[in-house]
Amino acid sequence: MTVRHWLMKSEPETFSLDHLAQMPKRTTMWDGVRNYQARNMIRDDMRVGDLVFFYHSNCAEPGIVGLCEVARAAYPDPSAFDPSSPYHDPQSDPANPRWYVVDVKLKRRLKRNITLGELKAASPLADMALVRRGNRLSVMPVTADEWDFILSLE
DNA sequence: GCCAACGTTGGC
DNA sequence: GCCAACGTTGGC
């Protein structure tokens, strides 16, 4: 099976790499994704063992900070059904869930933050959605070549 | 189905 | 904190 590659964004004020490192089994349920394009990738395309870059967004130094793997394939996002959750969506019906999660496990921290500025400056990454203007996708695929190139920057 | 208004994302 | 870019909503 071909292992595939992804990038997932998180705001460190909400959930940082440090938070993930402190979770039991260094694994978290990646909840709260409320974008259909991202949902479709989570639900339809992510497989156990796929590799994931952990990206810090909306912070002082946005960039890739960790390397993770998918530890559990898609299942309905329980936060959508929880009225006390900030991610509650009354229109998501347990019988026909609208939103999905995967579990993500930290494999290792990167040796350093590979910053958005560096990624933008690297011509091999010019086609990445991440470096395109106005991009807001919180889950995106990464090609094998992009993956290897990014790791070579470490 | 169009599109203006609105809310959110996320870099700066 | 600002604001451009984008996705969603809802009136028509």
Side-chain angles (χ1 to χ4, degrees), chain A residues 4-23 27-46 50-70 74-143 145-147 149-154:
Chain A
R4 291 170 310 172
H5 310 83
W6 307 91
L7 180 144
M8 299 177 86
K9 298 179 183 176
S10 185
E11 301 192 14
E13 271 192 31
T14 304
F15 190 83
S16 69
L17 190 71
D18 284 342
H19 291 126
L20 179 56
Q22 289 162 17
M23 299 292 286
T27 299
T28 191
M29 180 179 71
W30 200 282
D31 60 3
V33 172
R34 295 293 179 268
N35 168 284
Y36 288 104
Q37 209 181 334
R39 186 279 310 269
N40 291 347
M41 290 187 277
I42 286 172
R43 188 189 57 190
D44 304 334
D45 297 328
M46 297 184 87
D50 282 4
L51 298 173
V52 180
F53 280 136
F54 190 114
Y55 176 89
H56 278 168
S57 67
N58 200 16
C59 57
E61 275 211 295
I64 296 170
V65 293
L67 203 164
C68 303
E69 67 183 335
V70 176
Y75 56 103
D77 185 344
S79 71
F81 310 132
D82 177 0
S84 70
S85 167
Y87 303 130
H88 181 229
D89 180 358
Q91 298 190 77
S92 184
D93 173 3
N96 185 22
R98 175 178 293 193
W99 305 115
Y100 285 78
V101 295
V102 289
D103 287 355
V104 171
K105 176 184 176 65
L106 177 62
K107 289 173 71 83
R108 65 174 181 86
R109 296 166 182 273
L110 297 194
K111 294 171 192 135
R112 61 186 192 84
N113 178 3
I114 300 176
T115 67
L116 178 60
E118 286 176 79
L119 300 171
K120 279 184 168 173
S123 58
L125 304 178
D127 290 338
M128 275 191 90
L130 184 72
V131 303
R132 297 233 197 85
R133 196 159 133 272
N135 167 63
R136 296 171 54 182
L137 200 55
S138 65
V139 177
M140 68 185 74
V142 178
T143 69
D145 285 347
E146 289 163 349
W147 181 273
F149 179 81
I150 290 167
L151 280 182
S152 80
L153 297 175
E154 187 183 12

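Proteins get letters first, then strands, A, B, ... in listed order; numbering begins at 1 in each.
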### Query
Angle class for the A/Phe15/A/Phe54 ring planes (parallel below 30°, perpendicular above 60°, tilted otherwise)?
tilted
## Note on the structure
When A/Arg98 and A/Gly134 are each assigned the nearest nucleotide of DNA chain C, the 5'-most assignment goes to A/Gly134
## Note on the structure
Taking for A/Asn58 and for A/Gln37 the nucleotide of DNA chain C with the nearest heavy atom, the one nearer the 5' end belongs to A/Asn58
### Query
Rounded to whole angstroms, how far apart are CD on A/Gln91 and P on C/dT8?
13 Å
#### Entry: Whole-Å distance separating the CG atom of A/Leu116 from the C1' atom of B/dG10
10 Å
### Task
Give the rounded distance in Å between these two atoms: NE2 of A/His56 and P of B/dC12.
17 Å
### Query
Could you give the distance from CD1 (A/Ile114) to CD (A/Glu154), rounded to the nearest 0.5 Å?
5.5 Å
### Query
Any side-chain N or O of A/Tyr87 less than 4.0 Å from the OP1 or OP2 oxygen of B/dT8?
no
### Query
Stepwise, does the side chain to side chain donor-acceptor pair (under 3.5 Å) test hold for A/Trp30 with A/Asp103?
CA-CA 6 Å; A/Trp30 200 282; A/Asp103 287 355; over 6 Å; no
### Query
Can you check the A/Trp99 CH2 to C/dG7 P distance for me, whole Å?
13 Å
### Task
Send over the distance from A/Tyr55 OH to B/dT9 C1', rounded to a whole Å.
11 Å
### Task
Measure from CD1 on A/Ile64 to P on B/dG11 and round the result to the nearest Å.
12 Å
### Query
Nearest-Å distance, OH (A/Tyr36) to P (C/dG7)?
13 Å
### Query
Does A/Lys9 put a side-chain nitrogen or oxygen below 4.0 Å from OP1 or OP2 of B/dG10?
yes
### Query
Rounding to a whole Å, what distance do you find between A/Leu137:CG and B/dT8:P?
18 Å
## Note on the structure
side chain to side chain donor-acceptor pair (under 3.5 Å) with A/Asp82: of A/Ser85, A/Ser84, A/Ser79, only one passes, and it is A/Ser84
### Query
Counting just side-chain N and O atoms, does A/Lys120 come under 4.0 Å of either OP1 or OP2 of B/dC12?
yes
